[in-house]
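Data block below; observations after.
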Amino acid sequence: MADPTQTTAERDSPGGEALSCLRRVFGYDAFRGDQQEIIDHLVGGGDALVLMPTGGGKSLCYQIPALVRPGVGVVISPLIALMQDQVDALRALGVRAGFLNSTQDLDERRLVEAEFAAGELDLLYLAPERLRVESTLRLLDRGKISLFAIDEAHCVAQWGHDFRPDYLALSQLHERWPDVPRVALTATATEATRAEIATRLKLQDARHFVASFDRPNIQYRIAPKNDPKKQLLELLRTEHAGDAGVVYCLSRKGVEDTAAFLAQHGIDALPYHAGLDARTRAANQSRFLREDGIVMVATIAFGMGIDKPDVRFVAHLDLPKSVEGYYQETGRAGRDGQPSTAWLAYGLQDVVQQRKLIDGSEGDEAHRRRLAAHLDAMLALCETVECRRVRLLDYFGQPGTACGNCDTCLTPPETWDGTIAAQKFLSAILRLARERRQKFGAGHIIDILLGKKSAKVIQFDHDTLSVFGIGAELSVAEWRGVVRQLLAQGLLAVEGDYGTLVLTEASGDVLGSRRKVALRREPKPVRAAKTAKSSAGGSGKRAPVDLPAEAAPLFEALRAWRAATAREQGVPAYVIFHDATLREIATVRPQSLDALSGVSGVGESKLVKYGEGILGVLGEHGPAPAPVPAPVPAPAVVPAAAPAGGEDEVPWPDEEPPYWAED
């Protein structure tokens with residue numbers, strides 16, 4: 001159906017049909033960033049490799065070409081557990097979508113296969129392993145394919161953070177269907193990973209589109225680890241009460257312990273890791289997607305492809321293995337563009353543990369060097385005294401300027417000359433190795449430097465060492481910071497299963513005073529400004545940013561209506577409408593279906609399905625409060641010599657300021 005708001009010239013222009021589809025199906029007036037260019041390229045039959053941050057609108061880049069081009073768009077996705085939700089979201093928009101994966105029974109698969117062969121689908125989602133089954137390939141031969149979209153394309157990178165062997169077989173798409181355009185999409189990849197994706201998927205001749213990796217709405221904060229569960233609880237209580245969020249832990253035990261701790265303190269938290277049975281994982285994921293305010297505590301097995309737009313925070317209680325993994329995981333916060341927090345608690349033991357994991361990892365020496373390089377980059381991000389966003393963008397080869405919205409910008413850390421402290425610590429390791437032929441971990445060496453006569457110090461007669469008590473000027477926490485940074489700078493190394501510390505080649509330059517050591521002094525913790533309680537019920541939930549106070553009760557009523565509708569239909573709440581759409585409705589209060597159709601995110605299908613329900617909620621809350629009129633300035637005094645009327649008459653005050661001036 002043609003878009004009535006679009007002129008004939010617009011429809012006939014390049015990209016006109018795509019823009020019409022955007023407005024009619026998805027309810028948006030304009031494309032963002034590179035979307036238009038990517039879509040036009042694919043509609044024209046070209047191949048593409050797209051790097052776009054989470055929340056940047058990657059899915060539209062293949063969904064609209066699939067709707068515009070003749071045939072069915074085939075989407076290769078590793079997210080079996082989420083395919084049903086992805087298809088439900090498209091069907092809510094009036095898009096004919098289906099999926100094939102191992103969760104379906106024979107009758108369900110046959111129905112979808114028949115719809116595909118008959119041309120009754122717009123989009124078909126497939127798990128990558130389905131393409132290794134000959135019957136699936138024969139099925140695709142029976143239909144007309146508009147394009148292939150390979151989502152989460154970083155899974156093809158051999159040493160990527162989500163490597164999937166099944167993705168290696170996707171090069172056959174070009175061999176078997178050479179005339180069908182292909183697009184590979186990922187939210188994060190370095191230049192090296194991007195080159196590997198292009199090679200493995202035979203997309204060397206494809207056009208590359210690299211969007212900005214900057215997510216300005218996310219505040220990046222990295223805190224020294226000091227009882228991290230309590231630190232997390234403080235963060236949630238003071239800044240994210242009632243918010244949905246994700247907490248990442250390295251181990252399954254960490255997940256279980258943290259989820260239980262939060263639940264004991266009144267936080268609605270659920271665990272998610274590979275050790276849980278499939279039913280429990282599915283139930284917990286479903287609650288997270290369908291209910292408001294759930295905190296998911298998970299290993300990195302959780303999150304890829306999660307399309308929940310209102311995740312307000314992502315917290316890490318353990319150090320991520322790479323900047324790519326960190327960026328991918330933190331990117332799950334704030335997909336709706338609203339202010340969100342990426343918080344990481346980071347300590348000395350994280351560094352020791354990650355170094356040990358690398359030393360014991362499978363693969364050859366080259367592989368271990370790559371893992372070490374990834375960890376070094378992550379440590380550099382943690383220890384930087386510069387803007388974290390600049391450091392993050394630099395890792396992905398993009399320029400940036402100080403953002404003013406990360407902890408190092410908000411509370412700039414100090415640096416200090418730690419050369420003498422470094423020499424003292426390295427000397428203690430050297431003395432133990434040379435005089436006693438012994439190796440110890442950080443805690444025992446710090447006890448020696450502080451002159452602490454612990455049981456182990458007495459046992460090994462270490463109070464007689466010349467370095468005993470020479471480091472009393474620093475506290476235990478400060479010494480642990482010194483050790484952490486020496487490890488990050490390659491001036492110390494971890495050895496063996498017990499995490500003992502040894503010198504490196506670079507240590508000699510410090511001990512010989514040929515190298516100075518600058519260290520980061522930890523600043524006071526950054527805390528976002530507390531916000532007032534919502535006027536809707538006083539639950540402690542924050543009123544959404546940019547929502548007028550008088551609209552908050554209506555917004556909460558719309559969210560309650562959405563939750564009830566989602567439960568009735570068995571779909572996540574965001575499938576009905578995103579918070580951003582409800583926020584606009586609560587603010588402008590449209591009084592007719594025609595006015596409601598002008599709200600961003602309200603397409604034709606959703607207008608038909610949900611329009612009357614929305615107007616019913618609006619009707620219960622009555623019309624918008626009348627705006628308080630601005631005071632009318634007193635008329636200016638007209639000079640006696642001025643003639644009445646005409647051009648010299650004192651004018652009425654200028655027209656109202658533009659809408660953007662109201663802020």
Side-chain angles (χ1 to χ4, degrees), residues 224-227 250 318-319 346-361 365 368-369 371-372 375-376 379 382-383 416-522:
K225 188 176 282 188
N226 180 21
D227 200 340
L250 188 63
D318 295 298
L319 182 69
Y346 154 72
L348 170 60
Q349 192 56 37
D350 289 313
V351 186
V352 174
Q353 186 176 27
Q354 291 287 5
R355 296 285 192 205
K356 285 168 59 180
L357 289 173
I358 291 171
D359 289 342
S361 65
E365 185 59 33
R368 282 191 285 273
R369 281 199 299 270
L371 294 180
L375 178 59
D376 288 343
L379 293 173
C382 291
E383 299 293 357
W416 60 288
D417 186 349
T419 306
I420 293 176
Q423 288 173 334
K424 289 180 179 180
F425 196 90
L426 298 177
S427 294
I429 295 175
L430 185 64
R431 297 288 181 193
L432 287 167
R434 285 186 177 176
E435 298 176 14
R436 308 293 176 90
R437 301 192 181 280
Q438 294 170 334
K439 299 175 184 176
F440 290 90
H444 183 68
I445 298 171
I446 291 172
D447 282 348
I448 293 171
L449 292 171
L450 290 175
K452 182 178 179 181
K453 293 192 177 184
S454 66
K456 189 184 287 188
V457 167
I458 298 300
Q459 176 189 350
F460 290 103
D461 198 28
H462 288 164
D463 54 340
T464 62
L465 290 170
S466 61
V467 292
F468 183 76
I470 66 170
E473 73 279 5
L474 297 180
S475 67
V476 173
E478 288 169 328
W479 271 118
R480 293 184 73 82
V482 169
V483 180
R484 195 185 69 228
Q485 294 183 69
L486 293 179
L487 282 165
Q489 294 183 33
L491 298 172
L492 272 180
V494 179
E495 185 178 85
D497 293 336
Y498 297 101
T500 57
L501 298 177
V502 296
L503 302 181
T504 66
E505 290 184 12
S507 303
D509 289 337
V510 177
L511 288 168
S513 299
R514 294 183 297 276
R515 171 175 172 176
K516 289 197 171 185
V517 180
L519 297 177
R520 184 183 197 272
R521 196 186 304 279
E522 297 298 343

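None of the values given here were measured: they were computed from a predicted structure.
- The pair D318-K225 meets the salt-bridge criterion, since a charged nitrogen lies less than 4.0 angstrom from a carboxylate oxygen.
- Closest of all the heavy-atom pairs between Q438 and F460 is NE2-CD2, 3.5 Å.
- Each of T504, V351, D350 was checked for a side chain to side chain contact (heavy atoms under 4.5 Å, CB included) with L487, and the lone residue meeting it is V351.
- Of all non-hydrogen atoms in A506 and G490, the two that sit nearest each other are CB-O, 4.0 Å.
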*side chain to side chain contact (heavy atoms under 4.5 Å, CB included) assessment of I429 paired with L492*: CA-CA 10 Å; I429 295 175; L492 272 180; 3.2 Å; yes

_Working note: L449 + V482, criterion side chain to side chain contact (heavy atoms under 4.5 Å, CB included); need CA distance, chi angles, decisive distance, verdict._
CA-CA 12 Å; L449 292 171; V482 169; over 6 Å; no

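- Note: D447 CG to I458 CD1 = 11.0 Å, rounded to the nearest 0.5 Å.
- A heavy-atom distance below 4.5 Å is found between the side chains of R480 and I446.
- When all heavy atoms of A472 and L450 are compared, the pair lying nearest together is CA-CD2, 4.2 Å.
- Enclosure of atom NZ in K356 by more than 12 non-hydrogen atoms of other residues, nucleotides or ligands within 6.0 angstrom is indicated.
- With hydrogens and angles disregarded, a donor-acceptor distance shorter than 3.5 Å links the side chain of T419 to the backbone of V517.
- The shortest side-chain heavy-atom distance between Q353 and L319 does not fall under the 4.5 Å cut-off.
- Two residues are said to be in side-chain contact when any heavy atoms from C-beta on lie closer than 4.5 Å; I448 and F468 meet this criterion.
- R431 and S466 make their closest contact through NE-OG, 3.6 Å (heavy atoms, listed as atom of the first residue, atom of the second, distance).
- Residues V494 and L501 are in side-chain contact: their nearest non-hydrogen atoms beyond the backbone lie under 4.5 Å apart.
- Here L357 contributes atom CG and L250 contributes atom CG; the two are 6.5 Å apart, rounded to the nearest 0.5 Å.
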*Going through the distances and angles, do L491 and R515 end up as a side chain to side chain contact (heavy atoms under 4.5 Å, CB included)?*
CA-CA 11 Å; L491 298 172; R515 171 175 172 176; 3.5 Å; yes

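- Remark: the backbone N or O of D463 is not paired with any side-chain donor or acceptor of K453 at under 3.5 angstrom.
- Atoms CG and CZ, from D359 and R368 in turn, are 7.5 Å apart once rounded to the nearest 0.5 Å.
- The shortest distance between side-chain heavy atoms of Q423 and S513 falls below 4.5 Å.
- Counting non-hydrogen atoms of other residues, nucleotides and ligands closer than 6.0 Å to CD of E505 gives a total of 12 or fewer.
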*Check the pair V457 / H444 against side chain to side chain contact (heavy atoms under 4.5 Å, CB included), numbers first and verdict last.*
CA-CA 8 Å; V457 167; H444 183 68; 3.6 Å; yes

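- Across S361 and L371, no two heavy atoms sit closer than the pair OG-CD1, 3.6 Å.
- Under the 4.5 Å side-chain criterion, counting only non-hydrogen atoms from C-beta, L503 is in contact with L511.
- Residue-environment remark: CZ (R514) exceeds the threshold of 12 foreign heavy atoms within 6.0 Å.
- Within a 6.0 Å sphere centred on CD1 of I420, other residues, nucleotides and ligands contribute 12 heavy atoms or fewer.
- No side-chain donor-acceptor contact under 3.5 Å links R520 to the backbone of G481.
- Between R436 and H462 the shortest heavy-atom distance is NH1-CD2, 3.4 Å.
- In this structure, Q485 contributes its side chain and E383 its backbone to no donor-acceptor pair below 3.5 Å.
- Between the side chain of W479 and the main chain of G471, a donor-acceptor pair closer than 3.5 Å is present.
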